[in-house]
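Report on the structure given below.
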Amino acid sequence: MNTSHALNLMKPDPSKSAPLIQLKNIHLTYQSNNKKVEALRGISQDIYEGDFICVLGPSGCGKTSLLKILAGYQSATQGEIIIEGHKHVKPNAEVGVVFQHPNLFPWLTIQKNVEFSLKMARVPKMVRRKTAADFLEMVELSKFANMLPHELSGGMKQRAAIARALANDPKIILMDEPFGALDALTRESMQEHLRKIWQKTNKSIFFITHDVEEALLLSTRILVLNANPGRIEENIANPFSQSLLTKEIRDIRLSNDFVEMKEFLVSKIKGGPAEW
Amino acid sequence: MNTSHALNLMKPDPSKSAPLIQLKNIHLTYQSNNKKVEALRGISQDIYEGDFICVLGPSGCGKTSLLKILAGYQSATQGEIIIEGHKHVKPNAEVGVVFQHPNLFPWLTIQKNVEFSLKMARVPKMVRRKTAADFLEMVELSKFANMLPHELSGGMKQRAAIARALANDPKIILMDEPFGALDALTRESMQEHLRKIWQKTNKSIFFITHDVEEALLLSTRILVLNANPGRIEENIANPFSQSLLTKEIRDIRLSNDFVEMKEFLVSKIKGGPAEW
Amino acid sequence: MKADVQKTPKLVSSDPTPNERSANLKIVFQQIFTTERLISLGSVAALFILWTVVSKLQVVDDMFLPSPAAVWAAFLDILQNGYKGTSLFMHIAESMIRLFSAFFLAVVTAIPLGLISGYSPKIRAAIDPFIEFYRPLPPLAYYTLLVIWLGIENESKIVLLYLAAFAPLYISAVSGVKQIPADRIHGALSLGASKPALFTQVIFPSCLPELFTGLRTAIGFTYTTLVAAEMVAAASGIGWMVLDASKFLRSDIIFIGIIIMGLLAMLLDGAIRYLEYRLVPWKGKN
Amino acid sequence: MKADVQKTPKLVSSDPTPNERSANLKIVFQQIFTTERLISLGSVAALFILWTVVSKLQVVDDMFLPSPAAVWAAFLDILQNGYKGTSLFMHIAESMIRLFSAFFLAVVTAIPLGLISGYSPKIRAAIDPFIEFYRPLPPLAYYTLLVIWLGIENESKIVLLYLAAFAPLYISAVSGVKQIPADRIHGALSLGASKPALFTQVIFPSCLPELFTGLRTAIGFTYTTLVAAEMVAAASGIGWMVLDASKFLRSDIIFIGIIIMGLLAMLLDGAIRYLEYRLVPWKGKN
Amino acid sequence: SSKDEAAVEAVDEQIPSEIKIGYQVIPNQELLVKALGSLEKKFPNSKISWVQFESSRDVNTAIASGGIDFGLAGSTGAATGIAQGLSYYVYTIHDVIGENEAFIVQKNSGITDMTDLAGKKVAVPFGSTTHFSFLSALDQAGVDPASVTILDMQPNDMFAAWQRGDIDAGFVWQPTLDKIKAEGGKVILTSKELAEKGIVTADVGIVSKKFAEQYPDVVDTYKGLLNEAVLYYRDQPAEAAKLLAEEVGMKPDETLKMMDELIWLDETEQISSTYLGTTEAPGEFAAVLKQTGDFMVGQKVIESAPDLPVYQNALLAE
Ligand SMILES: Nc1ncnc2c1ncn2[C@@H]1O[C@H](COP(=O)(O)OP(=O)(O)OP(=O)(O)O)[C@@H](O)[C@H]1O
Ligand SMILES: Nc1ncnc2c1ncn2[C@@H]1O[C@H](COP(=O)(O)OP(=O)(O)OP(=O)(O)O)[C@@H](O)[C@H]1O
Ligand SMILES: [Mg+2]
Ligand SMILES: [Mg+2]
């Protein structure tokens, strides 16, 4: 089940043969002082339009490093990223990123934050105002458009960050444990809404998490990375991605299949803390 | 099942009639600017030696406020805390606290951090060195005794903080989401070890969390608080506390009872974020 | 319901009833006269009383410690008649013109240079040695050289003040840029920001909190250099006034000059703090 | 296995082979001569060359810009013969004695006072108005008063320098205390700390990082006040030397004096940074 | 219009658009010209800038930087400046220092002459005329300067230190001299007495070479005005004192006393052989400057001093 593509749940998929993004045999070695750390070894993966890929793995296995390479923040020691046939080397507007920390510009209102990428692209003022308003509506923040980030709660800021990434209309959105800092309840509602947005926009999403349940409740495909060196341990289509559309989340969670799948994935994530 | 005391699992309990700590009708109202916020209303609870009480509740329901009152960091608007018959008003060495953030003294080595309370109590140097070493051994940090906190990982720091609280030999240890900042895997092993320490020392523990599973896997008794104003919604003996001693955690987790109990508690925690 | 918005600006729109109004007044009063403010007022008053008593008792010579009355009289005198042919207002204005010219020049040069230095370690390496070298130099040590090079007019004075303001501003800009989280720069690039846009739209505003700290340090240091700047060939300026008064041992004028300078400095600092509060509302709030 | 210890001190204990040794040497060389350091060296060298060329071309008078050779000759001269009857070493030593006496006094008074002020808003309210008032005052403005009160000996000079050092130290101590997380204080109390123990064992070490920042600011500011302090009734000190040289238009001495002062200041700053690195290894690491 | 411009230029060549004078507050001929406003009347189309200085050091610096055209320096400052190669001429002697500068000691200090000074604290403003006078007096009395604690102090600091009893003696000028006298000071030597022994000090007028060569007529005119001021003072001392009282900020009678302590020189005295002399026969003042310069070298105050002709050439005589 190596590179097979999960069902795209939202729409017919005419171009199975042309992946949006290709990770080709990515290697990464950090050189710190006189020591070498092999952070990633031979990561290959195709990402298609509409894919929602969740990446699981123990702390330090290289998840963030992989995301940085995908984003163009860092270059791989070996291997390359191909987006629609072109090599991707520098950060650009095609690849959107949502960080664990909301990372909004604190001096811009929520509205202006969402408009930022449009301003960079020299979209006329009227148009970008409208676009930003639409995305704020989507993340249910219209009422807070004119506030500064520090006036909002953590969950609201994270939603604004998602709206900002979406407004830019990137080919893919990369997310690095975006809900990691939120409390359990806020987190659940954020998950629900991310699914809704993804269904509406049919963007490709590359989502890092260390919460197995979160991966099962969101993704179409799950990658499990393991450490030393970071490599793909498991690459499986999410068996629940179909039923998430039809059934109550609560029922899925209570099902035996779900609990067992969860235990299976947890057991696959090795190399946790050595101590204790 | 209001104030009934859960089974003390560790030893016979001759003095059921004398609680270690009594929370008597605690009320707390914050006055900020011109607005009053009623944070806690009528919280009463007896805590006995060897109790492991977990407190669940939505964000902002007053868990931390309650802990602060118990610790003596803050005084209640009404009601009182009685420890072994005496009113507790100021922080002192009888009540140990472990914060969400490890909160070690960054200029002291791990060893010196653990020794701190003993030094305050003017315990002779040799004795306190020995005691600290014992507790570091218990939390498996002996090898790191001479390092500074910033040289350790988050999990190790949190363990050192627990050792520091234990070394002081308090009557009760209060913990405010101590594992909240840790990743899932570290967290699990920390939970296991906290149980082991608790079994070894038979301390009373008052443990705040927003993770329902965590509460079920640790406590002898679970309090569910709800917000506006903060009050006790549920107060139940943990049905799994006995089986945790005998069965594999993995099996308990997979059991239907467990999943259902979890769902039940989640459903009791209301008043989550209003948005989304 | 969770209080999701941490700070919502509230406007009282309905008219308050008389009762509410008096309650409001009481609250406003309590907010203005906090215990701390009252203590501060008290301790200033205590000093003043001590001063009055000591000078009443004539324990020390008037030249050593002029009485409050004498200082007040001197103040009224220079307020009405000016000092040495120039009105008090003009003395202050002359000093402020020097200060602000220098400060303006420093702001428009040190900040861009500092931002670029902060961004590029190579440029920083080229510039830093000079800044580090001249920064701790006492202005009086090189003032003579400035006068030889630039003459006795305002140029040399302004350059002296400019140099005093330059280093703190430059250093704050550099440290501001260094403190920007890498994620913010990366994030901006991922949103399509070009290099120039990165500087003007992201790096500059990110540094604003640090820059304001730098502004306050800079104005403080420039201010302490003011008297030195007015030592040579000046015949006006509040610093010159104090210097001139000390030539004639006019302690009363020295006192009033110092009091005016102190109050002016507090005013300037307050103005910058207010600007900061308006322009950088997010400071310290993450 | 996870790399759990973030920084493990490593000691190479086995003897390196010759090959390893040359590789090690190369690495050491690269670490000492980083690109940035080379650029810094280059830009200092460039300035030096520019200076030589300009003075060789005689575009400006020697008095305006003495040649490097003349400055070097002046340096050798005062190194051998001293300046005005005092050896160069003694000039420097006199200044340093004044500086360090003042600094020592400031450290032992401003820091405890600042810690207490930081802890108690009431005490802070009583003290702050005076600090805020005198802090931005130009030392030259009140130096005459100090001379009137304290005389012409080292007292008045040391008090002037003391006042310069006091404010930054006090302010850094206050802000250090204010930045201590409440949890740390609470935690210490829960571990049985008494009030005095809280101050000496928790509050003081907590403030160390801020205090070092304050120390650096204070030594910088005290240093810039040094020349002012040596203006009156001094006949020694490196600041006096520069002032005296400017009386007689000895640009070469002014230059060498300034260069010595600049280098000394960089040395002092480096010493404090080194101390900080040794004493506060946790700074900036959470 | 090109003709107009030419005319303006022609005017410019004779009369500068601005004349900058660095003066010091000493009640002498120059301050009287300032008080009379006669220079302004003479050159109504030029801007006359009077810039006040506190010391010869600053005047030297200012003239070196081109900040002023005319300046007033003590003979010590001028000798230093010429020795350092500053490009200016001495064009007049504003006043010869007489009783207005004196060596004053604490009454109860037991000092009666220079030989009593060993181990005492003496304050003088370094680089000033009194610095030179004091060192020369020590020299004449055969006292080693190293045996005396000599402190560098400005007059105001000296007065404060005097009141506190921090210093035993000082060589200082008016008005501080009178103030110190009033606080228990006893004069044991004046510059007048020193001058009689050949140690002449004076306040001289200096003009930058560039200005003097471009506008020789202006320098001459100014000299004429200075002479008129001397004559006015000799004619109507009370009137002159009233005018100067405002400039120095003292009462007219006090001012007059100070004026009288100075030696004012009229035109004929200036060109006499005792002072500036003429181009053909340079006066003895060049020797005074040379002597001052050499002495400063001897005291290691400056590095080197030039030969007499350099000083002679620096005198802008008739
Ligand atoms: N800049 C760097 N220099 C050297 N080593 C690094 C650097 N960044 C990361 N590493 C190392 O590379 C490995 C992978 O790190 P990475 O941050 O990608 O892990 P991660 O899977 O995102 O972990 P986490 O779940 O804790 O965020 C780790 O061993 C880490 O120590
Ligand atoms: N110092 C304070 N002043 C005013 N209101 C406060 C203060 N501290 C807490 N509150 C309010 O009291 C209520 C309870 O806060 P508390 O921190 O105890 O909740 P919590 O249950 O610990 O929440 P969380 O799970 O987010 O930590 C909240 O509504 C909060 O806004
Ligand atoms: Mg990561
Ligand atoms: Mg809490």
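The shown structure was predicted, so the numbers you read here are calculated from the model rather than taken from an experiment. Per chain, numbering begins at 1; letters A, B, ... match sequence-line order.
- Looking at C/Leu268, there are no atoms closer than 4.5 Å to chain D (heavy atoms on both sides), in backbone or side chain.
- The stretch residues 211-227 of chain D participates, sequence neighbours left out, in these salt bridge (charged side-chain N to carboxylate O under 4.0 Å, His left out) pairs: D/Arg216-D/Asp269.
- For the options D/Leu41, D/Leu140, D/Val44, D/Val242, heavy-atom pairs under 4.5 Å to chain C are most numerous at D/Leu140.
- There is no contact between C/Tyr143 and chain D, counting heavy-atom distances below 4.5 Å.
- In this structure, C/Val159 and C/Leu163 have side chains that are in contact, with non-hydrogen atoms separated by less than 4.5 Å.
- Looking only at heavy-atom pairs under 4.5 Å with chain C, the residue among D/Pro121, D/Ser251, D/Gly42 that has the most is D/Pro121.
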Worksheet entry | Step-by-step side-chain contact (heavy atoms from CB on, under 4.5 Å) determination, C/Trp51 to C/Val71 | CA-CA 11 Å; C/Trp51 178 17; C/Val71 172; 3.7 Å; yes
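- Only the side chain of C/Thr144 comes within contact range of chain D, with at least one heavy atom under 4.5 Å from a heavy atom of that chain.
- Considering only heavy atoms from C-beta on, D/Ile238 stays 4.5 Å or farther from D/Val227 through its side chain.
- Ring centroids of C/Tyr142 and C/Trp149 are separated by 6.0 Å or more, keeping the two rings apart.
- With contacts defined as side-chain heavy-atom distances shorter than 4.5 Å, the pair D/Thr222/D/Phe103 qualifies.
- Heavy-atom pairs under 4.5 Å with chain C peak, among D/Ala164, D/Ser246, D/Pro136, D/Gly257, at D/Pro136.
- For a residue to count as touching a neighbouring chain, one of its non-hydrogen atoms must lie under 4.5 Å from one of that chain's; by this rule D/Leu137 touches chain C with backbone and side chain alike.
- Of the possible donor and acceptor atoms, one in the side chain of C/Ser40 sits under 3.5 Å from a partner among the backbone N and O of C/Glu36.
- For the pair C/Tyr277 and C/Phe212, the minimum side-chain heavy-atom distance is 4.5 Å or more.
- C/Lys157 has its side chain out of reach of C/Glu94: every pair of non-hydrogen atoms, C-beta onward, lies at least 4.5 Å apart.
- The parts of C/Ile258 that come within reach of chain D are both its backbone and its side chain, each placing non-hydrogen atoms under 4.5 angstrom from that chain.
- Residues D/Phe75 and D/Asp252 are not in side-chain contact: their nearest non-hydrogen atoms beyond the backbone lie 4.5 Å or more apart.
- Screening residues 230-246 of chain D for salt bridge (charged side-chain N to carboxylate O under 4.0 Å, His left out), with sequence neighbours left out, gives D/Lys84-D/Asp244, D/Arg98-D/Glu230.
- When each of C/Met261, C/Met241, C/Lys122 is scored by its heavy-atom pairs under 4.5 Å with chain D, the top score falls to C/Lys122.
- Residues of residues 124-135 of chain C lying under 4.5 angstrom from chain D, judged on non-hydrogen atoms, are C/Ala125, C/Ala126, C/Pro129, C/Phe130, C/Glu132, C/Phe133, C/Arg135 in numerical order.
- Of the listed residues D/Leu145, D/Leu243, D/Thr35, the one with more heavy-atom pairs under 4.5 angstrom with chain C than any other is D/Leu145.
- Among residues 169-182 of chain D, no residue has any heavy atom closer than 4.5 Å to a heavy atom of chain C.
- Contacts with chain C were tallied for D/Ile39, D/Ile219, D/Leu38; D/Ile39 has the most, counting heavy-atom pairs under 4.5 Å.
- Residues C/Ile260 and C/Leu264 are in side-chain contact: their nearest non-hydrogen atoms beyond the backbone lie under 4.5 Å apart.
- Note that CD1 of D/Ile272 and CG of D/Leu215 are 5.5 Å apart. Values are rounded to the nearest 0.5 Å.
- At a threshold of 4.5 Å between non-hydrogen side-chain atoms, the residues C/Phe221 and D/Thr224 count as touching.
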